[in-house]
Structure formats: C-alpha cells, structure tokens
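Residue numbering restarts at 1 for every chain, and letters A, B, ... go by the order of the sequence lines.
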Protein chains: 2
Amino acid sequence: MNQAISLPGDAPVSIQALKTSCAACSMHQLCLPMGLEDADINRLDQIIGGRRRLAKDERLYQMGEPFTSLYAVRFGHFKTYQVNAAGEEQITGFQMAGELLGMDAISGAHHCDAVALEDSEVCEIPFARLEELFGQVPALLRHFHRIMSQEITREQNVMLLLGNMRAEQRFAVFLVNLSARYAARGYSPNSFQLRMSREDIGNYLGLTIESISRLLSRFKKQGWLQVDKREVTLLDPAKLKALAAGLDACSPMG
Amino acid sequence: MNQAISLPGDAPVSIQALKTSCAACSMHQLCLPMGLEDADINRLDQIIGGRRRLAKDERLYQMGEPFTSLYAVRFGHFKTYQVNAAGEEQITGFQMAGELLGMDAISGAHHCDAVALEDSEVCEIPFARLEELFGQVPALLRHFHRIMSQEITREQNVMLLLGNMRAEQRFAVFLVNLSARYAARGYSPNSFQLRMSREDIGNYLGLTIESISRLLSRFKKQGWLQVDKREVTLLDPAKLKALAAGLDACSPMG
DNA sequence: CGAGTCATTGATGAGGTTCAAGTGGGGTGG
DNA sequence: CCACCCCACTTGAACCTCATCAATGACTCG
C-alpha cells in the first residue's frame, strides 16, 4: 500500500518508451497528466501499464469483468454501452483521444462494455499503482477528481437530453458536442467524420436509425450541413447551436 | 495542504457533537465513513463543517455557485435537477439519508440545483479538508472513489431507462429502486411514502404528470400496488421487478 | 368559503417507431 | 472486369405510445 515508487525521473528510457511517454503525447494537455509538472508526468509515465492496440469492433472490457485498470484513449474512438437483463443496450458515451475509460468500474467490476469504433490505441493505467501515486502527487489526485466529476456532469447532460428534448434538438446537441470536442483537439470544428454508425447514434440519442437518417436528410435540405456517408460538414454552426440550446423552435420529423 | 489535524480521538466532546457524530449516526454504514475504523471516523467527524437544516422546498445549492463542500444527507430527501439555456429542467436524482450531494461540482462550480423535498438535514463536508484527510486515511479515499464510481453507474442506468424503456417499465424501475434503497436503510421495502410530487416523478422519468397518474391507477387496478395519496404499498414486488428487468411484456398506456 | 395546489381521468393528435421496400457503395469470387 | 451479395443507409406509409388540452375532483390554507 505505502510502497513508494522511487525510480528517479532520469533513468534511461528506450526510444519506444519515449515515443509513447505522456510528456510526448499530443493529448497530455487534455488527458490525466493535464497541469502536472514534468517530474510528476514522468512518475505517471512509469506506472502506465502499457499501450494496447485494438482493431475496429474489438472489445476493451466487458460488463462483469473485475476492475484493474483505467484506460486513456491515445488515438481512435470507442463506444461504451450498458446491457440490461432483457438484453437491451444503451450506448452511454463515445470516447475520443485524451478521454478516460473505465471510471464506472472503480466500485469493483465493469458495468458496461467498451468497444473500439475503429483501429485504436489506449494506455493502460493500473489503478492500484495510480492510487499509490495519488499519495505522492496531490495535483494528480485533484485532477482525477475533476475528471470524475466532469463525467458525472456529462451524464447529467445526457439525462437532460433524453428526458426533455425532441429528436431535432437531440441531434443538434450531438453534432455541436462532437464539434467542440474536435475543436479542443485542434481539428476542424465544422468538418469531421462520424466514427459511429447511424444505429449507434440513434441508440445513444434514444432514437431509431430511421430517425437519424431522416434528421440528416432534413438538416441537409435546410442547408445546415452537408453529408457524404460519414463525412459531415456543418454549414450553419450558429443555427445548430441555437437548436441545441433550445433557443429555436423545433419542427417535427414528418 | 499537509497540515495534519492532530487532535486525539479522546478529546472532550460535547453532547451535541456526540449526538451528531458520524460514529453515532445511523447512516454511518452507508455514508462516507463506511468501513472506516473508529479512529478514522473520529478524524472525519472533526472536519465536518456543521449540520444544516433545510425546510421543505429550500435550496441547498444552485447551479453556478462555486464549489466548497459536499453534503451528506442526515435525514430527509432531496432532488437535484439541471436547467439548460432554454429553462427546461431535468431531475437527475432523488437523494435520501446516507447519500452524498454535490459530486458533480468538484470540477469547480455546481452544475445543478439541490432542493429539499421535505424538512431535512445535511452534514457539510468542506472538500479542501476532506482532501487533506485523503492523504492520511487511504481507506477513506478508496471509498470516496467507489462512491463517485457508483454515481456514474447510477446515471448510466438512468440513461438506459430514458433511452430504451417504455413508460410502464420506467415506472416499475423507479418503484423497485426506491424499495431497495429503503430496504437498505432498514425500512419496509414494500410500503413507503413518495416524498416527491407526481410532477417530479414524471420529470425524472421523462414522462408527464398525467402519465404517472395513469400508471399508478393502472398498477393499482392490476393489483400490483396500493396508493393513497403519496403512500405506496407494493402488493406484487416480484411482478414489479420482472417489469423493471424487462422480462415481462409491457402494455401501452391506453 | 374561496383560492390555490396537486392529482385524476378522458379525448384528441403529434412525434417518432415500426414495417417494408429500395438504394448505393465496397468487397469477393467467378 | 463484371456479377453478385452484403451491409449500412435512405425513404415511404401505417401505426402506436405518450403528450397535450381540458374538465373535474380532493385536500389545504388563509
């Protein structure tokens, strides 16, 4: 429990390790190391269990598996979903680079499945070792609490979406949210590829695949966006934001 | 940050303090002190900021307020709800004795409002002092992480409910969940009072007040429960659990 | 007693699901 | 290289669940 890791930060490091160190990772401003000093980032680096590659549709973990590690997405995209006794699935989130997977499992076992939407890579963070590090790096603990808290807030926003919004508004929220997250990663906020199927989007938003298809067609006809297969371009982001905020009337699906 | 609180556990304690200490609180097996040793419970006691009484409909905190403390419900019931830009509200949870309020705010500011459903009392837990204690009582930190993780899982279950279930199933889930939580507190699992209005239930479940009223009437007619105002008696808990699990066909609302 | 709040019940229809058919790549095999 | 199939998606039509609107009832408080 209190066995401190006392490796100095200047221990020899292989090129491979350097290439995959937190300090060198383009996501370190968004991910767990955010705001840490270099020395502390190194300590975090040393507990990272390893990187794991996943092919499209490969599963990272499954409901019921015992909890051992959190995972940070290095690149690629994931979906997490819950399954209930009757076999109904609900996608609870889509995760992209720099985001953390597995926080619902800290209570003991995984409560949802995580599946790669495309070829992806994660950093494995053994939680027992992370806990040790919390005692030595208070800034890390504080940031970890912020991340968990933000996850709670994110889910509350989805509850608001599922409980109160019409289809049009839900879909606008979804697009605007993706846009903001890509922008935070330095990508274009108005042109991106949907990494998930229409079915996944529908499941996440509490709608059917047909509804998503109709919404895309309608938004396109209104001139709010362009679609080509999974490539989306937001042509009127302001309008979409207004829709998402509920400041603009919602028309039915026809 | 590292200024340890070094009061011994056997310092003189007033009767008032004893009456409200964690060790003496009937909720200490469910609340934050769960599983702690007596000495550590005392240390936790000493950082509790104070107890605060709230009248029915009084607000504990509000969206946008800066975060300073978590709150543990001593007795009474609360609801938490989010409000978006358009003024739409979504109740994100109902909290009862032994449950923690404010975890969504650790990221900096409160993201929802918390309101007492009846005369209630909370323990204020200044988070800065709790963080100090985390460094000294690892078991407390671990349990805190479990609690936050469980909150994430709870919300994912609500997402499943709002995204996938029909009205009948949602309402059954709601009743079965209340039943289990009262059971865990030593109360009757099959007879309890709804502390929230029909409107609150409807808002939480993504339904209207009329739907809740019809569901209650229908469940009553089916002989699954009795209702008298807010007093509910589950007459066929097994049937309700089957409905909640989705193992039983759902009939429409008529 | 009247005003106000909360809940019940009925009638109607909107919003989105369900069912069904069709389209359009992208891959595979002949 | 084309024919074929498979899958994800699109589009249309009918249906259904639940929201909405409206009227009424029950209880509380001044």
Side-chain angles (χ1 to χ4, degrees), chain A residues 56-57 79 88-91 117-118 161-174 193-222 225-232 243 246 249-254, chain B residues 55-57 79 88-91 115 117-118 161-174 193-222 225-232 243 246 249-254:
Chain A
K56 179 171 154 69
D57 295 329
K79 65 176 172 183
E88 297 157 332
E89 293 184 3
Q90 170 71 36
I91 293 179
L117 293 171
E118 59 186 334
L161 179 148
L162 292 172
N164 278 301
M165 298 183 189
R166 315 233 134 275
E168 187 175 60
Q169 188 178 2
R170 294 187 197 187
F171 191 56
V173 168
F174 172 73
Q193 206 191 13
L194 300 173
R195 296 335 203 281
M196 65 295 287
S197 68
R198 307 282 197 269
E199 184 160 20
D200 282 343
I201 299 174
N203 182 304
Y204 177 61
L205 297 178
L207 301 169
T208 58
I209 180 173
E210 293 96 331
S211 291
I212 300 303
S213 189
R214 282 184 244 271
L215 283 163
L216 272 170
S217 301
R218 218 147 54 75
F219 280 27
K220 189 163 62 173
K221 198 184 299 181
Q222 298 279 357
L225 50 71
Q226 272 185 328
V227 200
D228 179 31
K229 305 193 211 177
R230 294 193 174 180
E231 190 69 31
V232 173
L243 277 178
C250 250
S251 36
M253 303 223 7
Chain B
K56 179 170 153 69
D57 295 328
K79 64 175 172 184
E88 297 157 333
E89 293 185 3
Q90 170 71 36
I91 293 179
V115 167
L117 292 172
E118 60 186 333
L161 179 147
L162 292 172
N164 278 303
M165 299 182 189
R166 311 236 140 277
E168 188 176 57
Q169 188 178 1
R170 294 188 197 186
F171 191 56
V173 167
F174 172 74
Q193 206 191 11
L194 300 172
R195 299 330 204 282
M196 64 297 286
S197 68
R198 306 282 198 269
E199 184 159 20
D200 282 343
I201 300 174
N203 182 303
Y204 177 62
L205 297 178
L207 302 168
T208 57
I209 180 174
E210 294 95 331
S211 291
I212 301 303
S213 190
R214 280 185 244 271
L215 283 163
L216 272 170
S217 299
R218 215 146 57 73
F219 280 25
K220 189 162 64 173
K221 199 184 298 182
Q222 297 279 358
L225 50 72
Q226 272 184 331
V227 199
D228 179 31
K229 304 195 214 178
R230 293 192 174 182
E231 191 70 31
V232 173
L243 276 177
C250 249
S251 36
M253 302 222 8

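- Within the nucleic acid shown, B/Arg230 comes within 4.0 Å of sugar-phosphate atoms alone, with no base atom in reach, counting heavy atoms only.
- In the set D/dT28, C/dT8, C/dT17, C/dT17 carries the atom at the smallest distance from any side-chain atom of A/Leu207.
- B/Gln226 contributes no side-chain N or O that, together with a main-chain N or O of B/Lys220, makes up a donor-acceptor pair within less than 3.5 Å.
- One finds no side-chain N or O of A/Ser211 lying less than 4.0 angstrom from the OP1 or OP2 phosphate oxygen of C/dG15.
- Atom pair A/Glu231:CD and D/dC9:P shows a separation of 14 Å (rounding to whole Å applied).
- Between the CG atom of A/Asn164 and the P atom of C/dG15 there is a distance of 16 Å, given to the nearest Å.
- Between the side chain of A/Glu210 and the base of C/dC19, at least one donor-acceptor pair of N or O atoms lies under 3.5 Å.
- Among the protein residues, A/Gly202 comes within range of no part of the nucleic acid, since none of its heavy atoms lies under 4.0 Å from any strand.
- Looking at A/Arg214, its side chain has no donor and acceptor atom pair within 3.5 Å of the base of C/dG15.
- The CG-P distance, from B/Asp200 to C/dC6, rounds to 10 Å in whole Å.
- The distance from atom CG of B/Leu207 to atom CD of B/Glu168, rounded to the nearest 0.5 Å, is 11.5 Å.
- When the C1' atom of C/dT23 is taken as reference, atom CD1 of A/Ile209 falls 14 Å away, rounded to whole Å.
- Between the CG atom of A/Asp228 and the C1' atom of C/dG25 there is a distance of 11 Å, given to the nearest Å.
- On a pure distance criterion of 3.5 Å, no polar donor-acceptor pair joins the side chain of B/Glu168 and the base of D/dC18.
- For B/Arg166, counting side-chain heavy atoms from C-beta on, the closest listed nucleotide (D/dC9, D/dT17, D/dT11) is D/dT17.
- Position along DNA chain C of the nearest nucleotide to B/Leu216 versus A/Thr208 favours B/Leu216 as the more 5'-ward residue.
- Here the P atom of nucleotide D/dT11 and the CZ atom of A/Arg218 are 13 Å apart, to the nearest Å.
- Atom CG of A/Leu162 is separated from atom CZ of A/Arg170 by 5.5 Å, given to the nearest 0.5 angstrom.
- Straight-line distance from the CG atom of A/Leu205 to the P atom of C/dT17: 11 Å, rounded to whole Å.
- The nearest whole Å value for the distance from the CZ atom in A/Arg198 to the C1' atom in C/dG24 is 13 Å.
- In this structure, A/Glu231 CD and A/Leu225 CG are separated by 12.0 Å, a value rounded to the nearest 0.5 Å.
- Dashed line: the shortest gap from a side-chain N or O of A/Ser213 to OP1 or OP2 of D/dT11 is not under 4.0 Å.
- Contact annotation: the side chain of A/Lys79 never approaches that of A/Asn203 to less than 4.5 Å [non-hydrogen atoms, C-beta and beyond].
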